[in-house]
There are 2 protein chains.
Amino acid sequence: MQKDGRMQQQYHNTFSIDNVILGFDSGELKVLLIERAEETFIGQMALPGNLVREDENLDSGAARILFELTGLEESHLEQLYTFGDVNRHPLGRVITVAYYSLIRIQDFNLIPRSSFARKASWVKVSEIPSLAFDHNLIVNKALKRIRGKLRYKPIGFDLLPEKFTLRQLQELYESILQIPIDTRNFRKKIITYDFLVACGEKQQQVSHRAAKLYHFDKKRYQELEQQGFNFDL
Amino acid sequence: MQKDGRMQQQYHNTFSIDNVILGFDSGELKVLLIERAEETFIGQMALPGNLVREDENLDSGAARILFELTGLEESHLEQLYTFGDVNRHPLGRVITVAYYSLIRIQDFNLIPRSSFARKASWVKVSEIPSLAFDHNLIVNKALKRIRGKLRYKPIGFDLLPEKFTLRQLQELYESILQIPIDTRNFRKKIITYDFLVACGEKQQQVSHRAAKLYHFDKKRYQELEQQGFNFDL
DNA sequence: GCAAAAGTGTTAACTTTACACCCATGT
DNA sequence: ACATGGGTGTAAAGTTAACACTTTTGC
């Protein structure tokens, strides 16, 4: 590793935050990637990320990155893991705290709010190219995490529209976990859990029988959880 | 927050590692704490920790802290969470990457290998005092993590001696999870899992019928896991 | 021989799995 | 009227939970 004075000063003991922003669309999980405009790995795809500002908490930094790209606030955002191998950044020691966000991909249009937003795009997780730095590692860690968590926490709802059909929900599980699920058993189970409420509305503009729309009653879920209930798909 | 030039230089963009070292002894989970000899929070109990060296990976740093206190290498060591609130350190911005270690408390004597080791002591997790910095937060996060993980990964074995009785194992689960477990059902389940092997030895020096000793066959477990087996207590 | 913990089986309750047809709607 | 996905029940298999007595050993 080559370190001249400038780099030393610029990069020594530096922290960044990278955010694995995930959405579910057309039956597939997708990750929001940018094309790097800066010098290292220029032109290559990478996770959206930034240095941490001196006056901002880690969570706020991750939320800021999400907001600058998508305009979304108050999304599901969690710390994932911290990557700090000595050689992970070619210009010096940069430790990065990785986060992941689960967002409703339908709820917004990608509107540029920062210089890098022009080059952002959704990439199917099954088709992720070679990324800058150790970002493939980070994405893989995020996928492993959410695949595990999907089974015992109701995080799938953060990826669906507020109102969704039971089939959409089932397809989300089948697609992310890569398993087939029996429709009748799935419906019975999820309905008896008692945290889905029918909106009283139906799908529009489908060329077949319209499905009921449901939404996830988060308050109800939290009540149940406090009473010792464990979500388990 | 007061920052003179020296502090600025010393603490700006600084990262540290703290290690929640856990052991199981006399039927209780314990955490290894030190008494601070340095200026902030002097005399108060804290987690063992250190600044990260420029040439060491995060994992190695955590392993080093463990080694300096206990002489142990190759223990169960995992990254826990990164704490970086702007005000968590009174002298400036210090982001800390927290790890936890699970060790066999019987396997060693606390031998001082570093300046802070003289003051290290095991504290029952039910009796943790007010700690320096945000270290209570960190310990609580570690406890929550291992209580969750204990149910679906075989991490309990890392806290027991290599050879243990089924009752010791049961008591570990009962104590850490704070639940009663039916002895017969527990034994049936864990034996059918087929990764415990009887050593052919028995307890020594007990004033009652001696129990068989078992050990955890890690290779066998990993085989089973690859075949799709899920540990679940 | 008695105190103390080790070790062991059966049944009922519950949960999970497998499986196929009629229904509503748009074209 | 037909194509498309929506919606529903039952029985068998498997899993979990509840429960009490005999065995071994040291003192």
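Since the model is a prediction, treat every value here as computed from it, not as a measurement. Within every chain, numbering begins at 1; the chains are lettered A, B, ... in the order of the sequence lines, protein sequences first and strands thereafter.
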Tell me, do A/L66 and A/I103 make a side-chain contact under 4.5 Å, heavy atoms counted? yes
Considering just the side-chain nitrogens and oxygens of A/R167, establish if one lies under 4.0 Å of OP1 or OP2 belonging to D/dG6. yes
Protein and nucleotides 10-13 of chain C: nitrogen or oxygen contacts under 3.5 angstrom:
from   : atom 1 : to     : atom 2 : distance (Å)
C/dT10 : O4     : B/K188 : NZ     : 2.9

When only distance counts, do a donor and an acceptor, one from the side chain of A/R209 and one from the base of D/dT4, lie under 3.5 Å apart? no
Closer than 4.0 Å, any side-chain N/O of A/R187 to the OP1 or OP2 of D/dG7? yes
Note, B/I21 side chain near B/W122 side chain (heavy atom, < 4.5 Å): yes
Using the closest heavy atom to pick a nucleotide of DNA chain C for each, name whichever of A/R184 or A/H208 lands nearer the 5' end. A/R184
Between B/S75 and B/S101, is there a side-chain donor-acceptor contact under 3.5 Å, judged purely by atom types and distance? no
Whole-Å distance, B/K212 NZ to D/dT23 P, equals 16 Å
A/Y99 and A/E78: side chain donor to acceptor below 3.5 Å: no
Does the side chain of B/L143 reach to within under 4.5 Å of the side chain of B/I176, using non-hydrogen atoms? no
Which comes earlier along DNA chain C counting from the 5' end, the contact point of A/K189 or that of A/K202, where each point is its nearest nucleotide? A/K189
